[in-house]
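A short write-up of the structure that comes next.
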Amino acid sequence: RRYRAEEIQEVFLKSASSLRYDKDRKQFCTVVEQKHPIYRLTSHRLARYNFTSRRKHHVTAWLHSFVELLRTGKVPGEKVNKSAAMLRLRNSLMNLRIVRKFSNGSYERHPKAPITGTTLAERRGQLKLIVEKTQIFDRPDNKKEEKLFRYIVVDGTP
């Protein structure tokens with residue numbers, strides 16, 4: 001008794017279906033024809049909408065694949081290679097724009113680097129953040145090389 005509604009629906013569908021001769025396939029096909037004019041009109045409109053939406057989906061998928069072939073430069077021709085370079089450049093510029101937009105929105109949350117030499121205490125000589133050290137290295141030809149290294153001393157991490 002659980003599936004009684006489905007059985008009744010199948011019986012009514014079988015009674016509503018009819019045979020039609022398909023000229024393209026050259027054979028008979030079962031077709032569900034609506035008897036009421038309003039239901040017949042809605043089923044025709046739905047079938048037309050399904051056909052057009054499938055066609056649009058097919059065309060957009062084809063165009064996406066063609067643009068991807070252009071972008072990779074797999075379509076033959078000298079002008080195509082130039083347009084492929086332009087498409088890749090466009091992609092790069094769009095990605096750069098997205099990265100810049102994100103970094104402009106989030107740069108305030110990043111830790112700031114220490115800035116030296118500009119504070120009043122450093123100018124007066126009360127505070128020294130840049131430390132210079134010279135280090136001596138032995139070279140393979142028995143010569144000594146002296147290099148100057150600069151370090152920034154920071155009290156603590158932010």
Side-chain angles (χ1 to χ4, degrees), residues 3 5-7 9-10 12-119 122 129-135 137 139-141 145-158:
Y3 301 103
E6 293 176 6
E7 291 172 6
Q9 191 177 5
E10 287 176 10
F12 278 110
L13 280 176
K14 283 180 187 174
S15 67
S17 65
S18 60
L19 285 176
R20 289 250 171 108
Y21 185 74
D22 192 4
K23 292 178 183 176
D24 297 330
R25 297 180 188 169
K26 296 182 180 173
Q27 63 183 9
F28 284 99
C29 300
T30 57
V31 177
V32 176
E33 187 69 31
Q34 301 290 336
K35 304 247 189 274
H36 198 279
I38 292 176
Y39 295 145
R40 190 180 314 142
L41 179 69
T42 54
S43 70
H44 284 301
R45 285 216 174 153
L46 185 64
R48 193 179 335 145
Y49 173 74
N50 286 339
F51 177 76
T52 55
S53 63
R54 274 193 309 246
R55 192 63 23 215
K56 285 179 184 176
H57 180 69
H58 177 76
V59 167
T60 53
W62 182 82
L63 281 173
H64 281 297
S65 67
F66 185 72
V67 167
E68 195 60 37
L69 283 176
L70 272 177
R71 188 173 288 129
T72 56
K74 292 184 180 176
V75 179
E78 193 172 312
K79 290 182 180 178
V80 172
N81 290 335
K82 290 180 183 177
S83 66
M86 290 300 289
L87 282 172
R88 284 194 297 271
L89 177 66
R90 179 184 170 272
N91 248 10
S92 299
L93 289 175
M94 290 295 286
N95 290 340
L96 177 66
R97 189 178 135 254
I98 291 168
V99 168
R100 277 188 180 164
K101 186 177 177 182
F102 175 75
S103 61
N104 285 343
S106 65
Y107 79 97
E108 293 137 355
R109 291 179 277 166
H110 290 276
K112 304 288 185 269
I115 300 171
T116 58
T118 56
T119 61
E122 283 184 278
L129 294 177
I130 297 177
V131 178
E132 294 180 351
K133 290 185 180 178
T134 57
Q135 198 150 5
F137 293 100
R139 293 179 56 193
D141 53 353
E145 184 178 358
E146 206 174 279
K147 281 194 174 182
L148 179 71
F149 288 99
R150 288 183 171 177
Y151 300 101
I152 297 174
V153 178
V154 181
D155 292 337
T157 56

(request) Would you please classify the geometry between the Tyr39 ring and the His36 ring as parallel, tilted or perpendicular, with 30° and 60° separating the classes? (result) tilted

(message) Before you tell me yes or no, could you show the steps for Thr30 and Leu19 under side-chain contact (heavy atoms from CB on, under 4.5 Å), namely the whole-Å CA-CA distance, both residues' side-chain angles and the distance that decides it to 0.1 Å?
(response) CA-CA 5 Å; Thr30 57; Leu19 285 176; 3.8 Å; yes

(message) Using 0.5 Å steps for rounding, measure from the NZ atom of Lys133 to the CG atom of Leu148.
(response) 12.0 Å

(message) Which heavy atom of Arg109 sits nearest to which heavy atom of Gly105, and what is that distance?
(response) NH2-O, 4.0 Å

(request) Find the distance between OG1 (Thr60) and CZ (Arg55) and round it off to the nearest 0.5 Å. (result) 11.0 Å

(message) Would you say CD1 of Ile38 has more than 12 non-hydrogen atoms from neighbouring residues, nucleotides or ligands within 6.0 angstrom?
(response) no

(request) Any chance you could measure His44, atom NE2, to Leu46, atom CG, to the nearest 0.5 Å? (result) 11.5 Å

(request) Could you check if a side-chain atom of Leu93 sits within less than 4.5 angstrom of a side-chain atom of Arg97, using non-hydrogen atoms only? (result) no

(message) Would you say CZ of Phe149 has more than 12 non-hydrogen atoms from neighbouring residues, nucleotides or ligands within 6.0 angstrom?
(response) yes

(request) Can you measure from CG (Leu70) to CG (Leu63) and round to the nearest 0.5 angstrom? (result) 10.5 Å

(message) Just so I know, are the side chains of Arg54 and His57 near enough to count as touching, which here means a heavy-atom distance under 4.5 Å?
(response) no

(message) Tell me if the CZ atom of Phe137 is crowded by more than 12 foreign heavy atoms within 6.0 Å.
(response) yes

(request) Using a cut-off of 6.0 Å, state whether more than 12 heavy atoms not belonging to Tyr21 lie near its atom OH. (result) yes

(request) Would you indicate whether Arg90, at its atom CZ, is surrounded by more than 12 heavy atoms from other residues, nucleotides or ligands within a distance under 6.0 Å? (result) no

(request) Measure the spacing between CZ of Arg48 and CG of Asn50 and express it to the nearest 0.5 Å. (result) 11.5 Å

(message) On a heavy-atom basis, which atom in Arg71 and which in Arg88 lie closest, and how many Å separate them?
(response) O-NH1, 2.8 Å

